[in-house]
Participant: 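The structure is given below, and queries will be raised subsequently.
Letters A, B, ... mirror the listed sequences (proteins, then strands); counts begin at 1.
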Amino acid sequence: MIRGVIVMNDRGKPRLVKFYEFQPAEKQQELIRSIYRVLCSRAENVSNFVKVDSLFGQDVRLVYKTFATLYFVFIFDSSENELAMLDLMQVFVEALDKVFSNVCELDVVFNFNKVHTILDEFILGGQVLETNSSEVVKTVEEISKMERAANSIKVVPSIPGWQGR
Amino acid sequence: MEQLKTIGRELAMGSQGGFGQSKEFLDLIKSIGETRSKNEEDRIVLREIETLKTRLANPNTPKFKLKEYLIRLLYVEMLGHDASFGYIYAVKMTHDENLLFKRTGYLAVTLFLNEDHDLIILIVNTIQKDLRSDNYLVVCAALNAVCRLINEETIPAVLPQVVELLGHQKEAVRKKAVMALHRFYQRAPGSVSHLISNFRKRLSDSDPGVMGATLCPLFDLITTDVNAYKDLVISFVNILKQVVERRLPKSFDYRQMPAPFIQIKLLKILGLLGNGDKKTSEHMYTIVGDIMRKIDSTSNIGNAVLYECICCISSIHPNPKLLEAAADAISKFLKSDSHNMKYLGIDALGRLTKISPEIAEQHQLAVIDCLEDPDDTLKRKTFELLYKMTKSSNVEVIVNRMIDYMININDNHYKTEIASRCVELAEQFAPSNQWFIQTMNKVFEHAGDLVNAKVAHNLMRLIAEGFGEDDDTADSQLRSSAVESYLHIIGEPKLPSAFLQVICWVLGEYGTADGKYSASYISGRLCDVAEAHSTDDIVKAYAVTALGKIYSFEIAAGRKAEVLPECESLIEELLASHSTDLQQRAYEVQAIVGIDAHAVENIMPMDASCEDIEIDKSLSFLDGYIQQAIEKGAQPYVPESERSGMSNISNFKSQEQHESLTHSLRFEAYELPKPSMAPHVPPVLASSTELVPVPDPYNHTEVHYSATPMPSVSNAGSSELKLRLDGVQKKWGRPSYSSPASSTSNNDAPKIQNGTTQRDSVGSANSKARDVSYESRKPQVGISPEKQKLAASLFGGASKSDRRQSSSSQKVPKNNSHSADKSHVEKTATSDTVAIKTSQPPQDLLDLGEPTGTSIPPSLDPFTQLEGLLDLTQDPTTLNTWWR
């Protein structure tokens, strides 16, 4: 089972935090800080895996990868395969790239609700649901379309200027 | 990934609203990004929180603004600030009809709330409605929320709808419904146990994606109960075959590999099913071999599948050909430049060495390279491997390496782990007493306060019992060398408390045993320890009791106990200690010094810490006394469970707890407790009787005793001698350590003083290890001599048969050493269950009204079984889309 997904920048600021087992806010911050400390201490050109059983309990590992200014971190237990998680991360980033066309940190910051939507298509309740980025992009686009459609009906009349006249 | 775009793009986007957010949000993020200190950031965020508070509370705020505020609130909480004031707005937003708002609301609640939050009850109704929606995207959003927010109590509210959605026409919905049901299973297995057959059904879903999703719950189910799913082996193998033969739609390909993620899940499942089961494993050999042959090992995902194959091979019943292929793959991994590959190689090696130990030998140099690698993850993995392949011939090298590494790391968690592994290996394979004691000293010196208190107790017991065997000279040698080294080390500053406790105990028990040191010398050193650690009551307690032992051994030997002035003053001081425990011990020592040799011998027998203590649990020696009392008209004892009042309440409490565990809200009123003196089981609901613990009177007293941490009982009257000694014993063993039975002990009062009471046979295994002679060392060619040496010492005797399993299988499993013997125990345990399981027909399927085809026991013809699987789908034509 996947325990959590964290995206943070190279200064330790969280950009997306999702735990599949509820963690209270303070605990989340503590975990993010500890993980950031671990990641910072890693040399370059070493493996992408870290054992984090001291933070999460028996046999929990973490896979991380840096993309430009962002650390992507997947935390999971022994029922997943490290290398496959690395690929899943790759697929996730590919999907982000497609949705935002050349994704950058700012896209993730400003649209983290959309990033959540994308992530939810990949992982549900800690289990991998989909592994094809094109499929995910298709679904996400469909959702956006529906949202826009719903919005154009509802929002327009409520613009204050219109109602005043 | 492309470089972060410059500020220009940011501004341009901001002005266009290209990010879909307002200028305000943009400014917030920008200003937080520019802060120099945490304080500055906090100030900005607190201001933002104030703004959001007033705006969210304003009833005239338009919805699209509300949505933005919620997102800003999520952002604020992600930065670690309390946003609980806004949760209710998130809940409200889920009620909105508009999909955009609804989804935002769901996102916010799934991130804000945990499944036990009070507000969830306000969302359940909306979720129910949304699960019934015509718009499948709404249904999906609701299913997402279900996975996160539904707890045991609310499962029944949505369960019927989720089950219905398993048959939804959209595969995206079916997939998510499977996941939701899986989530319910994880959260409360009991609530969905009758629906588990659905997972089997979905395995033959027309959409491979849904099938793939079903593998997740099945993996969990198989992990908990392998035998119930043996009948599916053929189906899993078939599915895997079809995947590998590219019968799945192209969209499942990833990096030119057919559905690698599904392959991985299937291989994991096969590994579980084939574990220790020759017959089942035979079905898998061909397909696993095929996968390994066909694999493209240049891609990351290809290697992921390859690694999974190795895991599967090492888990199922061994097959020589596959093992060979696995060994080849491992050597490829280890030779790779990528640290990821090396990591997997080492991990895989660890799995395979269990089956064929000679494999590690082939890769010894690669393993040593990994041990010296700058990558900490790799290093740790390698230590894990070494731990697994330790035997008597290489234990010295491995444990010394581990200790060196342990000294150099700061991570306390890992330090603890390594320390306890060192201890465990040293106990099992120590080549000599001297080495063992030295190793333990090192471990305790550097990690004494980190290791479990059990480890210290273990060491004491080991020194007391020796390495088993009836070789008394060896035992006393061990003790002498321990005493020797402790006297040497005792003066060092900053020794961890746990280590000092061991030192004091050993000096007390054996300090004067071999006659090398005089009682006054040892007692002087013990006094020094107590004085140097005047703030550590536990160490002082150990020291003063050790003094008492030294004196009593002196007296028993017919000499006069010579109490040094400094000891005298120490005892004086402790007599007035704030700690009643220390007081008690001081009084005891004082008393011992004053009595005659015969009595002392009974109170404090020499080297009797490991003698069994007989316990009269029923307190039968009091029978006469009770009889007398009853004859005089006293009330007979009524067991606590049969008493009314208090016990009723406690029973009701446990009943309540039990119900909340298994069931949802209870709406009918609880029965009134019936006050009665009648000796029957208190009134509980029939349905849950068997689960309400019926307290046994004797157990009760035990619980009371063991619940008191380090009880310091001080009733010194001779008639109550038994009770008093209970307390004394507790001081030695921590509450967790001493067995509950011993706390009611009463018979062998004198022996209790010596501490450790549990007895087990650490010995036999260790003695075996000790006896094994050194292996001849293999010379290596062409590599640096240092590495060669290391390799030789690590792997030298790998081909010898004195493997771990062989030694562990000979000894009685002891509770505090994990690893080898544990796996052995587990193995026997599982084989037991296998026997039990196979003796009765598989019932679950029949009970659930499945087509009879699936319930054919696994021993039948595989083809019939395959038909059985196909029977599952009512319409076999749907299968044809991808199945065949």
Side-chain angles (χ1 to χ4, degrees), chain A residues 14 17-18 22 24-26 28-29 42-43 45-51 53-54 67-70 79 81-84 86-88 91 93 97 102-107 109-113 116-117 120 124-125 127-132 134-135 139 142-143 146-147 150-151 154-155 158 160, chain B residues 1-5 10 19-21 25-26 29 62-64 71 75 77-80 82 98-100 103-104 107 114-115 137 144 147-148 172 175-176 179-180 182-183 209 213 216 219 251-252 254 260-261 264 268 300-301 303-304 307-308 339-340 343-344 374-375 377-378 380 411 413-414:
Chain A
V17 179
K18 178 119 192 167
F22 182 80
E26 315 82 64
Q28 279 192 18
Q29 293 305 310
R42 304 274 300 159
N45 298 323
V46 292
S47 65
N48 298 78
F49 315 137
V50 181
K51 214 174 153 196
D53 45 359
S54 57
F67 292 91
T69 55
L70 291 177
S79 64
N81 171 322
E82 280 99 336
L83 223 45
L86 201 56
D87 263 294
L88 185 68
V91 181
V93 175
D97 213 34
N102 279 339
V103 67
C104 67
E105 183 177 342
L106 285 170
D107 291 311
V109 178
F110 289 124
N111 292 297
F112 74 91
N113 51 333
H116 270 291
T117 307
D120 285 346
L124 185 59
Q127 303 291 343
V128 182
L129 189 67
E130 176 61 66
T131 48
N132 184 324
S134 318
E135 291 290 319
T139 317
E142 205 169 333
I143 292 172
M146 292 280 277
E147 285 184 344
N151 219 20
K154 296 268 169 174
V155 175
S158 71
Chain B
M1 198 57 36
E2 270 60 50
Q3 281 296 314
L4 174 60
K5 300 297 180 289
E10 181 186 323
F19 286 106
Q21 311 294 358
F25 188 28
L26 199 79
I29 289 168
K63 273 189 196 160
F64 70 95
I71 288 178
Y75 185 73
E77 197 177 72
M78 187 164 71
L79 292 174
D82 178 43
N98 181 319
L99 181 67
L100 177 64
R103 286 183 47 90
T104 308
L107 172 68
N114 70 344
E115 62 268 17
L137 289 174
N144 269 349
C147 283
R148 186 74 185 80
K175 222 154 56 170
K176 288 192 166 141
M179 290 303 189
H182 179 203
R183 196 71 176 156
C216 300
F219 176 78
S251 65
F252 283 86
Y254 175 72
F261 293 96
I264 287 172
K268 273 190 189 297
N300 198 42
I301 193 72
N303 284 318
Y307 164 73
E308 212 52 62
H339 278 84
N340 289 350
Y343 171 90
L344 292 183
D375 185 354
T377 311
L378 190 55
R380 287 184 191 194
D411 177 350
H413 176 86
Y414 194 55

Participant: Minimum heavy-atom separation for B/Ala304 and A/Ala84, please, with both atom names.
Facilitator: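 Smallest interatomic distance, heavy atoms only, reads CB-N, 3.8 Å.
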
Participant: Contact part of A/Ser134 toward chain B, heavy-atom cut-off under 4.5 Å: side chain, backbone, both or neither?
Facilitator: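 When you check distances to chain B, no heavy atom of A/Ser134 falls under 4.5 Å.
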
Participant: Atom NZ of A/Lys51 and atom CZ of B/Arg380: how far apart are they, to the nearest 0.5 Å?
Facilitator: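 Reported to 0.5 Å precision, the distance equals 7.5 Å.
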
Participant: Test of understanding: with ring-ring contact (aromatic ring centres under 6.0 Å, His included), list the residues that count as partners of B/Phe261, not counting sequence neighbours.
Facilitator: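 B/Phe261: ring-ring contact (aromatic ring centres under 6.0 Å, His included) contacts with B/Tyr254.
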
Participant: Kindly give the heavy-atom pair with the smallest separation between B/Leu99 and A/Met146, and that separation in Å.
Facilitator: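 So the two residues come closest at CD2-CB, 3.5 Å.
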
Participant: Chain B heavy atoms under 4.5 Å from A/Glu142: which part of the residue, side chain, backbone, both or neither?
Facilitator: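 Contact with chain B is through both the backbone and side chain of A/Glu142.
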
Participant: How many angstroms lie between NZ in B/Lys175 and CG in A/Leu129, if you round to the nearest 0.5 Å?
Facilitator: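 Here the interatomic distance stands at 5.0 Å.
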
Participant: Taking side chain as everything from C-beta outward and backbone as N, CA, C, O, which of these in A/Ala43 sits under 4.5 Å from a heavy atom of chain B? Side chain, backbone, both or neither.
Facilitator: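 The answer is neither part of A/Ala43.
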
Participant: Have a look at A/Phe49 and tell me which of B/Asp375, B/Leu378, B/Asn340 forms a side-chain contact (heavy atoms from CB on, under 4.5 Å) with it.
Facilitator: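 So the option named by the test is B/Asn340.
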
Participant: Taking the side chain from A/Gln29 and the backbone from B/Met78, do they hold a donor-acceptor pair closer than 3.5 Å?
Facilitator: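 Checked: pair present.
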
Participant: Between A/Phe112 and B/Tyr75, what is the ring plane arrangement, given parallel below 30°, perpendicular above 60°, and tilted in between?
Facilitator: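 Tilted, since the angle between the ring planes falls between 30° and 60°.
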
Participant: Does any part of the side chain of A/Asn81, heavy atoms only, come nearer than 4.5 Å to the side chain of B/Tyr307, both counted from C-beta?
Facilitator: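 Yes. Closest side-chain heavy atoms under 4.5 Å.
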
Participant: After noting the C-alpha distance and the side-chain angles of B/Arg103 and A/Asn113, does the key distance pass the side chain to side chain contact (heavy atoms under 4.5 Å, CB included) rule?
Facilitator: CA-CA 9 Å; B/Arg103 286 183 47 90; A/Asn113 51 333; over 6 Å; no

Participant: Are A/Glu147 and B/Leu137 side-chain neighbours, meaning at least one heavy-atom pair lies under 4.5 Å?
Facilitator: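 No; the side chains remain at least 4.5 Å from each other.
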
Participant: Closest heavy-atom contact between A/Leu124 and B/Lys176?
Facilitator: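 Where A/Leu124 meets B/Lys176 most closely, the heavy atoms are CD2-CG, 3.6 Å.
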
Participant: Distance check, rounded to the nearest 0.5 Å: B/Asp82 atom CG versus A/Glu26 atom CD?
Facilitator: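 Rounded to the nearest 0.5 Å, the CG-CD separation comes to 8.0 Å.
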
Participant: By a 4.5 Å heavy-atom criterion (distance strictly below it), what part of B/Lys268 contacts chain A: side chain, backbone, both, or neither?
Facilitator: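 The side chain, not the backbone.
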
Participant: Please give me the minimum heavy-atom distance between A/Phe22 and B/Glu115, naming the atom from each residue.
Facilitator: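 Closest heavy-atom pair between A/Phe22 and B/Glu115: CB-OE1, 4.3 Å.
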
Participant: Quick one: CG on B/Asn303 to CG on A/Leu86, what's the gap to the nearest 0.5 Å?
Facilitator: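 Reported value, rounded in 0.5 Å steps: 11.5 Å.
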
Participant: Hey, could you give me the CG/NE2 distance between B/Asn144 and A/His116, rounded to the nearest 0.5 Å?
Facilitator: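 Here the interatomic distance stands at 11.5 Å.
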
Participant: Between A/Lys18, A/Arg42, A/Glu130, which shows the greatest number of heavy-atom pairs under 4.5 Å with chain B?
Facilitator: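 Option with the top pair count is A/Arg42.
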
Participant: Using non-hydrogen atoms only, which part of A/Asp53 is less than 4.5 Å away from chain B: side chain, backbone, both, or neither?
Facilitator: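 Contact with chain B involves both backbone and side-chain atoms of A/Asp53.
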
Participant: Side chain from CB out, backbone as N, CA, C, O: work out which of these in B/Ile301 comes under 4.5 Å of a heavy atom of chain A, or both, or neither.
Facilitator: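 The answer is both parts of B/Ile301.
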
